[in-house]
Each structure stands twice: as C-alpha cells, then as structure tokens.
S.K.: 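This is the structure I want to talk about, given as structure tokens.
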Number of protein chains: 2
Amino acid sequence: MNAPTVRERMLRVREEAIVDAVNHLLVDKGYDLMTVDEVAAAVGIAKASLYKHFPSKEALAAAAMVRTLQRAQAFLAQLALQDLGAAARLKAVVRWIMQMQYDGAMPSLPSENSTLRSVLTGDRAYVQLLMEVSEVLGGWIEQAQRDGDIDRRLPPDVVLFTLYARACDPVLPILKAGGQYEREQVFEWLLGTCFDGLAGPRQG
Amino acid sequence: MNAPTVRERMLRVREEAIVDAVNHLLVDKGYDLMTVDEVAAAVGIAKASLYKHFPSKEALAAAAMVRTLQRAQAFLAQLALQDLGAAARLKAVVRWIMQMQYDGAMPSLPSENSTLRSVLTGDRAYVQLLMEVSEVLGGWIEQAQRDGDIDRRLPPDVVLFTLYARACDPVLPILKAGGQYEREQVFEWLLGTCFDGLAGPRQG
DNA sequence: GTCTATATAGCGATAGAC
DNA sequence: GTCTATCGCTATATAGAC
C-alpha cells in the first residue's frame, strides 16, 4: 500500500463525517425513521452526493454499525491487556456499552423483526466483526463460569445474548430522560440488576 | 345502558377481528413495518372499510395495545386474589409476559424513539391503563423490598422499568428462534437472570 | 358499511449538467 | 464529486358510488 494522497485523505474525512451523521441519527431516531435527506442535510451536501460515497441507505447504516463494532473490538483488546478477572472484564464491557449509549455515541442494537437487523445480517463485514467479538466474550463468559462468578447452569450463549441485550435496554434511556438520577448512579444500578438481579447481592 | 342490538354486536365482533389482526401483525412485524393494507387483507375487508371503524393507523395500534394492557390488568386482578408474597406475584407477572410473547400473543412494548411510543403516549386510554397497572405493580414492588426479596437500595421506579423492559427483551425471541431450548427452560433462565442476575442465586 | 378508484405525500434512488 | 431536478414506488388516507 502506498501512502494516501491528499485526495484520498479528503475522501476519507468526508466519509467519516457522513458516518458520524448517520451514527447520530441512528441514535436519535433509529433506522426506519432516519431519512437519507436528513443525513445529507446533516453532512451539508446534496443527497445525490451521498450516493457517490455509499450505494444505499442500508450501506450507510451498516457502515455506522460496523464502526461501532470496531470500537467495541478495540475496547475488548485493550481490556484483554489488563490484569482483570473474567467477570470484571464482562462488567467493564457492560459499563462501556452503557456509557456509550448514555452519551449518545452508540445506536441501539436492532431488536428482532426490525429492518436494521435484516440489513446487518446481510452485511459481511458486520457479521464477521460480530463473530469475532462474540468469540472473545464467549471465552470470558466460560472463564467467569469456571470462576463461579456467573451461574454455571446458564448456557454461555444465553449469557452472551443477555449481555448484548444491554445495548438495547430501554431502561437506560428512560432513566436518562427522567433526569432525576446521576449518570454514575444509573450505571451502578443497571450493572447491579444485570449481574446480581433485582434481588441484589445476597452476601453484601 | 340498554342491551346491545344485533347491529351493535356485529360491529363489536368485527372490530374484535380487526384488533386481532392488528395484534398479530404488531407481534410479527412491528408498528412501522405493518401496513394498513395488510390489516385489511388479514381481516378480509377493504381498506376503506377499516377506516370506518378506526380513524387512523395510529388508532389501530393503540386499540391493540390497550387490549393487551386490559388483559394484563385482568391478570393482575386475578393474581391479587391469590395468597402469594409480593415477590412471587412479581415473578408471576414476568412469567406471564414471557408466556404471552413466546406464544405470539403480545406485541413488544415500544422502545424509546419509536413511532409506536409517541402514538401511545398520545392515547388517553392507554396512558390511563398504564398508570393503573403501574400503581398495582408499584405497591407489590415496595412490599417485596420490605420483605427483603428485592434490593432495598433500588428506587421502585427503576425496578418497575426493569420489569416492563421484560416485555421488549430481545433475548426471549432470539432463544425462541434458535429453537434449541425448551419453552419452560427458557422461562426459568430469564426469570433467573431477571431476579437473581447472571451470577445466579448465592445461597442455592 | 362495504366496495373501487384515487388523491396526496414522503422517501429511496437516479439523470444529467457542470 | 457536486449540484438541481425528477423518477418510481409505496403507504396513509379519502371520494364517491352502491
């Protein structure tokens, strides 16, 4: 690979700006309610110009979600370097998800039957990344079960789905919208209900 | 009130059929992807006839969600007659939600920023019912906290939102779609993660 | 109250000039 | 690659006959 030309760098910057706008709109309105006109307006270019960069609305959304997954992957890699137990790593992941969502930096994962879901399952890069991330998390889950920090009777994939579901939990946005609790306090409560349940820790 | 005429009864039956079809489509595709044409086709009447019964797509969805809430309310009333502790009642409610969803009888509650949410918050009957249901659940939650079955440090509304969120948890449909676990087994796992967390019960 | 046919509008995507 | 202008389709909602 040669060094990128000025032209290529400008293109890359422009496309980053597009993905930023898409990301913001996905957070704000979700895939179905987001329009390509809005994306173009947010970036400050004409709609037709958008289509020179990305071939479809689906590709726009996929690009944003792929970038989110890449950031998640980077966070996992950084976590893996630290001297932490498996359960502590999993909790850090959930906390990271909540922080990203609270700060409006991460779109909700698509629930079943959504348009976005079918878009993403058709995107090779996204599926590949999701598999890699799941691989890493799966290893930590099994380790946490051996450590006795996660219920050994739960199949690892059930645990994995439950963790992923934190990325589309409506409780966080509701509590944020309510505005009567502190950010960190909300994180503590939701981390608690996730790992210790509504009953709370038994030996505290 | 006089006794209903034959005409009124036929009207009511027809509208029940419409709400049934809407309910089914809401479960299947969600509000945004459901079209009024589909509803009409499912009922077997023309679209224009639908609009004689309900003034808009929004009203259709609201009617279906109101009926769901009425059924929830009836279940709560029945539960209140039984000799159960507060925590046991709350678990029964969560189990009921999961059963309804598993059997395709209950649409997912709308997450934040969805079209359906703004539709429902604008519907007086729905909001009123939701308040009544929340009142009952709120009482049980506080009792369960006094009993020590739910973490006393959690604000009751955080607990309430967490329970409501079980009605739009993607983990249940994913596990159902996977098809590799038994229905009752899935309920046990999800009930467990809800009340005892991923860590599981500590003194079991 | 049911139908057929149509109005109206929004949105994804494209044509074609520059 | 950027723009303006427009196509083509779909979906909500309505008109008007019966």
Side-chain angles (χ1 to χ4, degrees), chain A residues 4-22 25-26 28-65 110 113-120 122-123, chain B residues 4-22 24-26 28-65 113-120 122-123:
Chain A
T5 66
V6 174
R7 251 194 133 60
E8 284 167 347
R9 279 209 305 272
M10 282 190 61
L11 188 90
R12 193 179 168 75
V13 167
R14 169 58 52 93
E15 297 196 341
E16 277 261 350
I18 294 174
V19 173
D20 274 339
V22 170
L25 284 166
L26 281 181
D28 223 49
K29 324 183 60 169
Y31 178 78
D32 290 314
L33 271 55
M34 173 188 86
T35 70
V36 179
D37 289 88
E38 285 172 324
V39 177
V43 180
I45 61 178
K47 180 164 58 167
S49 305
L50 257 192
Y51 279 94
K52 300 289 182 179
H53 294 274
F54 296 90
S56 67
K57 179 184 179 182
E58 302 195 349
L60 283 171
M65 297 303 286
N113 299 333
S114 71
T115 316
L116 183 54
R117 184 178 173 82
S118 56
V119 166
L120 295 179
D123 187 281
Chain B
T5 66
V6 174
R7 252 196 132 61
E8 285 166 349
R9 279 209 304 273
M10 281 191 60
L11 188 89
R12 192 180 169 75
V13 166
R14 168 59 51 93
E15 297 196 341
E16 277 261 351
I18 293 173
V19 173
D20 274 339
V22 171
H24 190 242
L25 283 165
L26 281 181
D28 223 50
K29 325 182 58 168
Y31 179 78
D32 290 313
L33 271 55
M34 173 187 87
T35 70
V36 179
D37 289 88
E38 284 172 325
V39 177
V43 181
I45 61 177
K47 179 165 56 172
S49 306
L50 258 191
Y51 279 95
K52 299 287 183 180
H53 295 273
F54 296 90
S56 66
K57 178 184 178 181
E58 302 195 349
L60 283 171
M65 298 303 285
N113 298 333
S114 70
T115 316
L116 182 54
R117 184 178 174 84
S118 56
V119 166
L120 295 179
D123 186 281

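As a basis for the values below, the full set of heavy atoms in this structure was taken, side chains included, without hydrogen atoms, waters or symmetry mates. In what follows, chains carry the letters A, B, and so on, assigned in the order in which the sequence lines appear, proteins first and then strands, with residues in each chain numbered from 1.
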S.K.: Test A/T115 against B/D32 for side-chain contact (heavy atoms from CB on, under 4.5 Å), laying out the working first.
M.R.: CA-CA 9 Å; A/T115 316; B/D32 290 313; over 6 Å; no

S.K.: What is the distance, rounded to the nearest whole Å, between atom CG of B/L50 and atom C1' of D/dA11?
M.R.: 14 Å

S.K.: What are the residues of residues 8-16 of chain A, sorted by number, that bring a heavy atom to within less than 4.0 Å of DNA chain D?
M.R.: A/L11, A/R14

S.K.: Take B/V19 and B/F54 through the test side-chain contact (heavy atoms from CB on, under 4.5 Å) and record every step on the way to the result.
M.R.: CA-CA 10 Å; B/V19 173; B/F54 296 90; 4.0 Å; yes

S.K.: What is the first contacted nucleotide of DNA chain C and what is the last, in 5' to 3' order, if contact means an atom lying under 4.0 angstrom from a heavy atom of chain B?
M.R.: C/dG1 to C/dT4

S.K.: Step through the shown structure and confirm whether more than 12 heavy atoms of other residues, nucleotides or ligands are within 6.0 Å of NE2 on A/H53.
M.R.: yes

S.K.: Scan A/K52 against the nucleic acid and name what it touches under 4.0 Å (heavy atoms): base, sugar-phosphate only, or nothing.
M.R.: base

S.K.: To the closest 0.5 Å, what do you measure between CG (B/L26) and CG (A/N113)?
M.R.: 11.0 Å

S.K.: With sequence neighbours left out, what residues match B/E58 under salt bridge (charged side-chain N to carboxylate O under 4.0 Å, His left out)?
M.R.: none

S.K.: Roughly how far, to the nearest 0.5 Å, is CD of A/E8 from CZ of A/R12?
M.R.: 10.5 Å

S.K.: Taking the nucleotide of DNA chain C with the closest heavy atom to each, which residue, A/E58 or B/G44, is nearer the 5' end?
M.R.: B/G44

S.K.: When the distance from CD of B/E38 to P of D/dT10 is rounded to whole Å, what number comes out?
M.R.: 13 Å

S.K.: Determine, step by step, whether A/R14 and A/I45 satisfy the side-chain contact (heavy atoms from CB on, under 4.5 Å) criterion, reporting the C-alpha distance in whole Å, the side-chain angles of both residues, the deciding distance to 0.1 Å, and the verdict.
M.R.: CA-CA 10 Å; A/R14 169 58 52 93; A/I45 61 178; 3.3 Å; yes

S.K.: Between OG1 of B/T5 and CE of B/M10, what distance do you get to the nearest 0.5 Å?
M.R.: 10.5 Å

S.K.: What is the distance, to the nearest angstrom, from the CD1 atom on A/I45 to the C1' atom on D/dT4?
M.R.: 14 Å

S.K.: Answer with base, sugar-phosphate or nothing: what part of the nucleic acid does A/T35 contact at a heavy-atom distance below 4.0 Å?
M.R.: sugar-phosphate

S.K.: Once you round to the nearest 0.5 Å, how far does CG of B/L25 lie from OG1 of B/T35?
M.R.: 7.5 Å

S.K.: Considering heavy-atom distances to DNA chain C, does A/D37 or B/A48 have its closest nucleotide positioned more toward the 5' end?
M.R.: B/A48

S.K.: Measure the distance from NZ on A/K47 to P on D/dT4 and round it to the nearest whole Å.
M.R.: 12 Å

S.K.: Check the distance between D/dA5's P and A/Y51's OH and give it to me in whole angstrom.
M.R.: 19 Å

